[in-house]
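First up is the structure itself, then whatever we jot down about it.
Position 1 is the first residue of the sequence, and the numbers go up from there.
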Amino acid sequence: MGSSPQLGQTVADFTLAGGALDGDTYQRRDYTLSAARGRAVVLAFYPGDNTAVCTKQLCSYSSGMETFDELDAEVWGISPQGVDSHESFARTHGLRMPLLADPGREIARSFGVAAPGIGVRRAVFLVDADGVLRWKHVALLGATFQSLDTLAEHLSGIGNR
């Protein structure tokens with residue numbers, strides 16, 4: 001496992017292909033972290049589309065999008081599957097956040113969450129409106145995930161503009 005960004009440091013910029021449901025349309029585009037400046041970003045790394053815990057986690061975050069909006073935050077799901085898989089996953093479960101494809105796991109490696117066997121550890125990184133890492137949680141086993149309430153509590157404490 002590589003080293004992950006440290007609390008209080010600016011997170012290195014990256015761009016990944018992804019997409020998000022907009023009504024019945026799946027809008028594909030590139031997502032660049034620096035382009036989200038001005039809002040907090042929740043980076044939710046997850047092992048795989050359509051797996052039991054990942055589905056629960058992302059459905060939980062999707063159903064709580066209003067909470068994230070109220071806290072002036074975006075949520076990006078990141079996993080090794082491609083955009084086609086993400087589109088199918090989003091449509092099947094009505095997921096309302098962007099799902100980003102990291103098939104080579106370069107971004108997962110840069111965050112220290114690439115793992116042999118499972119591909120990517122379940123992890124959450126909260127990046128503030130200025131691009132600074134304010135909170136992170138990296139699961140050892142990944143059988144559970146950080147709840148919407150936990151994320152909202154940490155987001156409310158980072159003082160977005």
- Message: Measuring only between side-chain heavy atoms, which start at C-beta, is His93 closer than 4.5 Å to Lys56?
- Response: no

- Message: I'd like to know if Phe14 and Val138 are part of one continuous hydrophobic network [Ile/Leu/Val/Met/Phe/Trp/Tyr, side-chain heavy atoms within less than 4.5 Å].
- Response: yes

- Minimum heavy-atom distance between Arg105 and Ala114, given as atom pair plus value: NH1-CB, 3.9 Å

- With the side chain counted from C-beta on, respond yes when Ser147 and Ser60 share a heavy-atom pair under 4.5 Å apart, and no when they do not. no

- Query: Which class fits the ring pair Tyr46 and Phe89: parallel under 30°, tilted 30 to 60°, perpendicular over 60°?
  - Reply: tilted

- With the side chain counted from C-beta on, respond yes when Leu58 and Leu99 share a heavy-atom pair under 4.5 Å apart, and no when they do not. yes

- Message: Between the side chains of Arg109 and Asp102, is the shortest nitrogen-to-carboxylate-oxygen separation below 4.0 Å, so that they form an ion pair?
- Response: no

- Item | Candidate pair Val53 and Thr51, rule side chain to side chain contact (heavy atoms under 4.5 Å, CB included), full reasoning | CA-CA 6 Å; Val53 178; Thr51 60; 5.8 Å; no

- Message: Would you say that Asp49 contacts Ser79 through its side chain, given a criterion of any heavy-atom pair below 4.5 Å between the two side chains?
- Response: yes

- Query: Using 30° and 60° as the class limits, which term best fits the ring planes of His137 and Trp135: parallel, tilted or perpendicular?
  - Reply: parallel

- Task: Begin with the C-alpha distance, continue with both residues' side-chain angles, and end with the deciding distance and a verdict on side-chain hydrogen bond (donor to acceptor under 3.5 Å, both in side chains) for Asp30 and Thr15.
- Result: CA-CA 6 Å; Asp30 287 343; Thr15 300; over 6 Å; no

- Going hydrophobic residue to hydrophobic residue with side-chain gaps under 4.5 angstrom, can you get from Val132 over to Val41? no

- Message: Would the distance check show the side chain of Arg37 and the main-chain N or O of Asp130 forming a donor-acceptor pair, the cut-off being under 3.5 Å?
- Response: yes

- Message: According to a hydrophobic-cluster definition based on side-chain heavy atoms being under 4.5 Å apart (Ile, Leu, Val, Met, Phe, Trp, Tyr only), do Leu33 and Val113 belong together?
- Response: yes

- Query: Between Ala36 and Glu74, which heavy-atom pair has the shortest distance, and what is it?
  - Reply: CB-OE2, 3.9 Å

- Query: Considering all heavy atoms of both residues, which atom of Arg91 and which atom of Asp24 are nearest to each other, and what is their separation?
  - Reply: NH1-O, 2.9 Å

- Test item: His86 and Tyr26 side chains (from C-beta on) under 4.5 Å apart, heavy atoms: yes

- Can you find a pair of side-chain heavy atoms, one from His154 and one from Lys136, that are under 4.5 Å apart? no

- Would you confirm whether Ser110, through its side chain, and Ile107, through its main-chain N or O, come within 3.5 Å as a donor-acceptor pair? yes

- After noting the C-alpha distance and the side-chain angles of Met65 and Leu95, does the key distance pass the side chain to side chain contact (heavy atoms under 4.5 Å, CB included) rule? CA-CA 10 Å; Met65 290 306 285; Leu95 302 176; over 6 Å; no

- Relative to each other, are the rings of Phe111 and Phe45 parallel, tilted or perpendicular (30° and 60° limits)? tilted

- If we only count heavy atoms from C-beta on, is the Tyr31 to Leu16 side-chain gap below 4.5 Å? no

- Query: Under the 3.5 angstrom rule, does the side chain of Arg39 hit a backbone N or O of Leu71 as a donor-acceptor pair?
  - Reply: no

- Item | Under 3.5 Å donor-acceptor, Asp128 side chain and Arg134 backbone | no

- So do the side chains of Ile78 and Phe125 get within less than 4.5 Å of each other, counting heavy atoms only? no

- Query: About how many Å separate CD of Gln27 and CG of Leu21, when rounded to the nearest 0.5 Å?
  - Reply: 9.5 Å

- Hey, what do you get for CG (Leu148) to OG (Ser62), rounding to the nearest 0.5 Å? 10.5 Å

- Query: If you take all heavy atoms of Leu133 and Pro5, which pair is closest and at what distance?
  - Reply: CD2-O, 3.3 Å

- Query: Are the side chain of Arg122 and the backbone N or O of Phe145 linked by a donor-acceptor pair below 3.5 Å?
  - Reply: no

- Message: Tell me whether Ser156 contacts the main-chain N or O of Glu153 through its side chain, where contact means a donor paired with an acceptor under 3.5 Å.
- Response: yes

- Query: Which atom pair, heavy atoms only, marks the closest approach of Pro98 to Ala20?
  - Reply: CA-CB, 3.8 Å

